[in-house]
Each structure stands twice: as C-alpha cells, then as structure tokens.
J.: 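Before I ask anything, here is the structure I am working with.
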Amino acid sequence: MKNKILITGMTGNVGSEVVKFLQLANIDYKAAVRNIDKAIKDYGSDIEYVKFDFLNQATYKEAFDGANKLFLVRPPALADFQKQLKPTLDYAKQVGVEQIVFLSLMGIERNPIPPHYKIEKYIKSLGIPYTFLRPSFFMQNLNQAHCFDIKERNQLFIPSGKAKVSFIDTRDISEIAAKVLIEEGHDNKAYTLTGGNAIDYFQVASIFTEILGRNIVYSNPSPLHFRRTMIQRGIDKKFANVMVGLYLTTRMGMAKKVTLETEKLLGRKPRTVREYVIDYIECWK
C-alpha cells in the first residue's frame, strides 16, 4: 500500500519543515490546517492542504481520507486531553491509521503534568504503531518568543538560572520526523533528540554578541518577574504559566541531557547554536 501522511502542525516550526522534506522525497501527504486560504497566503499554493480542526469532528473524515500515517503536533492552546485531543486519536484508530509520529517533549515519560504525557500513554493503549520524538528546547524559540528582547533590548530575558540546555534546531527535528515517517524500523520507539552539547544562556548571549556585533546580555530574571512581565506584554496568563513551568524545569537541570540519537538518525552532527544564529541573523537585525 502506498503511504499517504496527514501532517498536523504544518504552520509551526517543525511541521512546515516536515512538509518540505516530504516534498523533496516525493512522498504523498496532506497538510491539515484550520484555514486553507490563510495557509496558502502564508506558505504558498504548492502544498496539498485539507481542512482540519481538532475541535470539529466534522472535519475528520476528509482529513483522514486515504491517509495511513499521522504526524501529530499538539496545538499549544489545547490542554484538555479528554475533550480536545482524544477524539482525534480515537478516529485515527477507527480508520486504521498504521503509524503515529508524535512530537512530544524531552523527559515527558517522567513528567505527568504536560498534556504530552497523557497523549503518549493513550496512543500506546490504542495499539497503533507509534514513534515518539522527544526533543529538547528549540533554538527557534529565540527568533520567535524571545525575538523582541534580543532585537530591541539586546537581552535574553529568560528565567533559566545557570542551568545548561541541550538546544536543538527544529530543522533537525523535522528531518528526523520525515525519516521516521518514510523509513521502516521506527515502530514503537521513542527518541530523545538533543543538540550535540549543552550550554547555558550566558554562553548563548556570548554567541549572539559575537555574531550580531553588539552586546547581548542574559538578564536571568526571577520566574515571578518573568511571568509578570509576560502578562504585562499581553501574553495570556495560562500560556505565561506554561512558559514559567518549562523554564523552571530548565533551572532544575532537566534540559541538560545530551544524547547521540539525533546524530544517529541524521547520519551527521546536529546543528549548533552558532550555526543557527548565523542562519537566522536577519531576525535580530
């Protein structure tokens, strides 16, 4: 049977790159989006789109029609597993999906608080062959969530203390996601994906300083000060709490683990923070 892959999260960092790799490999896919017109405007018309909304079961039939694999990305706004995410997984089981590749979190197997824990556990219970990708912190957070502070204030406003982080580039995650969707031999496996080393945010600030040619300071605010500032900037309180929670795990040393799985799956060294900053330099000019 010829594979056809349903890609969720196509408008995010990882999903948009997964589509590119599938296109290069001439693999049949559908990009599941809530607003097709907006997706065409933002990402172009050379992508096969299908309307899909986790919260609207009327969209499931067309989205899953003909698809035998699912790349699953949890939308950040969806935290209620039972009501918002379980129906999609039940439908995948119902229509005979043969593999789910789920973008999870590093260390989630020991952390039942984020929704990813329940998602992984439920996928296993359904008996659908799975591949869990458990990446460390995305480098691309620095050109998205923290872009303004770096560009306008010359600072990394992040409450991570002196802890080290095994940053990973989302382009490496995407390449791995495409590989495990295409290749055999990845069923019922979980991969912890990290960069090649772990560095702290003081070192990250030094890399930015060198490459941007201006002094970038890691201000290292307290978690409460960070949360208060984010809310003052208009960030939703729930999302601000999620951000604080993630950075608290960093402060506790839970993001410093380095594995060789990224290198083994890619067949090369993962991208470094230095390479990432050079590639994205226009974001902070």
Side-chain angles (χ1 to χ4, degrees), residues 3-55 59 62-64 67 69-78 85 88 92 99-106 116 119 131-148 167-183 186 191 193-195 239 262 265-266 268 270-273 275-284:
N3 290 326
K4 184 153 191 173
I5 303 167
L6 181 64
I7 305 294
T8 66
M10 201 289 301
T11 57
N13 275 324
V14 177
S16 59
E17 293 289 334
V18 171
V19 165
K20 292 178 184 178
F21 284 111
L22 295 179
Q23 288 176 324
L24 287 172
N26 199 29
I27 300 296
D28 205 7
Y29 72 90
K30 293 192 283 187
V33 296
R34 285 191 299 172
N35 188 327
I36 293 177
D37 291 337
K38 187 176 187 305
I40 291 173
K41 181 180 178 181
D42 293 343
Y43 294 91
S45 58
D46 63 335
I47 295 172
E48 181 181 347
Y49 298 103
V50 64
K51 184 175 178 60
F52 173 76
D53 185 343
F54 284 92
L55 304 182
T59 66
E62 182 182 359
F64 277 89
K69 295 191 174 190
L70 171 65
F71 179 62
L72 178 64
V73 179
R74 179 191 72 88
L78 303 188
L85 298 159
T88 296
Q99 183 192 20
I100 296 177
V101 175
F102 173 49
L103 183 63
S104 192
L105 294 174
M106 185 169 81
H116 305 73
I119 295 172
T131 311
F132 297 149
L133 304 181
R134 297 169 174 167
S136 185
F137 268 63
F138 295 173
M139 295 179 191
Q140 277 71 8
N141 287 336
L142 297 170
N143 67 275
Q144 294 192 336
H146 303 292
C147 180
F148 177 81
F167 295 98
I168 185 168
D169 194 302
T170 58
R171 293 170 294 180
D172 288 343
I173 302 170
S174 303
E175 185 173 343
I176 289 169
K179 286 174 70 72
V180 301
L181 283 162
I182 296 169
E183 297 176 350
H186 300 287
Y191 297 118
L193 305 178
T194 74
F239 188 62
T262 303
L265 289 162
L266 291 175
R268 61 168 173 81
R271 289 176 173 89
T272 65
V273 171
E275 291 171 317
Y276 155 75
V277 175
I278 291 171
D279 288 347
Y280 284 77
I281 192 169
E282 294 299 325
C283 296
W284 306 290

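This structure is a prediction, so every number in the text was calculated from the model and none was measured.
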J.: How about D279 and D169: do any of their side-chain heavy atoms sit closer than 4.5 Å?
T.: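 Sidechains of D169 and D279: no contact.
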J.: Any heavy-atom pair between the side chains of L266 and I176 that's under 4.5 Å?
T.: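 SC-SC contact between I176 and L266 confirmed.
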J.: Which atoms form the tightest heavy-atom contact between K38 and D42, and what is the distance?
T.: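 Distance-wise, the nearest heavy atoms are NZ-OD2, 2.7 Å.
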J.: Output all residues satisfying ring-ring contact (aromatic ring centres under 6.0 Å, His included) with F137, sequence neighbours left out; order by chain, then residue number.
T.: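 Partners of F137 by the ring-ring contact (aromatic ring centres under 6.0 Å, His included) criterion, ordered by chain and then number, come out as Y247.
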J.: For P135, check side chain to side chain contact (heavy atoms under 4.5 Å, CB included) against everything at least two apart and list the hits.
T.: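 For P135, the residues satisfying side chain to side chain contact (heavy atoms under 4.5 Å, CB included) (neighbours in sequence not counted) are L103, F138, I168, I173, L193.
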J.: Parallel, tilted or perpendicular: which describes the rings of Y280 and W284, with under 30° parallel and over 60° perpendicular?
T.: tilted
J.: Does a donor on one side chain sit under 3.5 Å from an acceptor on the other, for T131 and Q99?
T.: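 Note: T131 and Q99 side chains meet the donor-acceptor criterion.
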J.: State, to 0.1 Å, how close M139 and V273 come at their nearest heavy-atom pair, and which atoms those are.
T.: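 Smallest interatomic distance, heavy atoms only, reads CE-N, 3.7 Å.
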J.: Find out whether Y276 and N143 are in side-chain contact, i.e. whether some heavy atom of one side chain is under 4.5 Å from a heavy atom of the other.
T.: yes
J.: Roughly how far apart are L181 CG and N3 CG, rounded to 0.5 Å?
T.: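 Separation between the atoms: 9.0 Å.
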J.: Can you list everything that forms a ring-ring contact (aromatic ring centres under 6.0 Å, His included) with F21? Sequence neighbours excluded, please.
T.: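 Result, ring-ring contact (aromatic ring centres under 6.0 Å, His included) vs F21: none returned.
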J.: Please report the interatomic distance CG(L22) to CD1(I5), rounded to the nearest 0.5 Å.
T.: 5.0 Å
J.: If the condition is side chain to side chain contact (heavy atoms under 4.5 Å, CB included), which residues does E275 pass it with, not counting sequence neighbours?
T.: R271, T272
J.: Among residues at least two apart in sequence or on other chains, which ones pass side chain to side chain contact (heavy atoms under 4.5 Å, CB included) with I47?
T.: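 Here the qualifying residues are M10, V19, Q23, Y29, A31, Y43, Y49.
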J.: Which distance, rounded to the nearest 0.5 Å, do you find between the CZ of R74 and the CG of L105?
T.: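 So the CZ of R74 and the CG of L105 are separated by 7.5 Å.
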J.: Just wondering, do L6 and V50 contact through their side chains at under 4.5 Å, heavy atoms?
T.: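 Counting from C-beta outward, V50 and L6 do come under 4.5 Å.
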J.: Using side-chain heavy atoms (C-beta onward) and a distance below 4.5 Å, is K4 in contact with K30?
T.: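 In short, these two side chains touch, coming nearer than 4.5 Å.
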J.: Are E48 and I7 close enough, and set up right, to give a side-chain contact (heavy atoms from CB on, under 4.5 Å), and what steps lead you there?
T.: CA-CA 10 Å; E48 181 181 347; I7 305 294; over 6 Å; no
J.: What's the shortest heavy-atom distance between P270 and D172, and which atoms?
T.: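 Taking P270 first and D172 second, the nearest heavy atoms are CA-OD2, 3.5 Å.
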J.: List for me each residue that meets side chain to side chain contact (heavy atoms under 4.5 Å, CB included) alongside D53, sequence neighbours excluded, and say none if there are none.
T.: R34, L55, N56, T59
J.: Is there side-chain contact between Q140 and V14, with heavy atoms separated by less than 4.5 Å?
T.: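 No. Closest side-chain heavy atoms not under 4.5 Å.
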J.: Measure across C283 and C147 and return the closest heavy-atom pair with its distance rounded to 0.1 Å.
T.: O-SG, 3.5 Å
J.: Between the main-chain N or O of F71 and the side-chain N or O of T8, is there a donor-acceptor pair closer than 3.5 Å?
T.: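 The answer is yes, because a donor-acceptor pair under 3.5 Å joins these two groups.
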J.: With side chains defined as the heavy atoms from C-beta onward, is the minimum distance between L265 and H186 less than 4.5 Å?
T.: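 Answer yes - side chains close enough.
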J.: Using a 4.5 Å cut-off on heavy atoms from C-beta on, say whether the side chain of F132 contacts that of H116.
T.: no
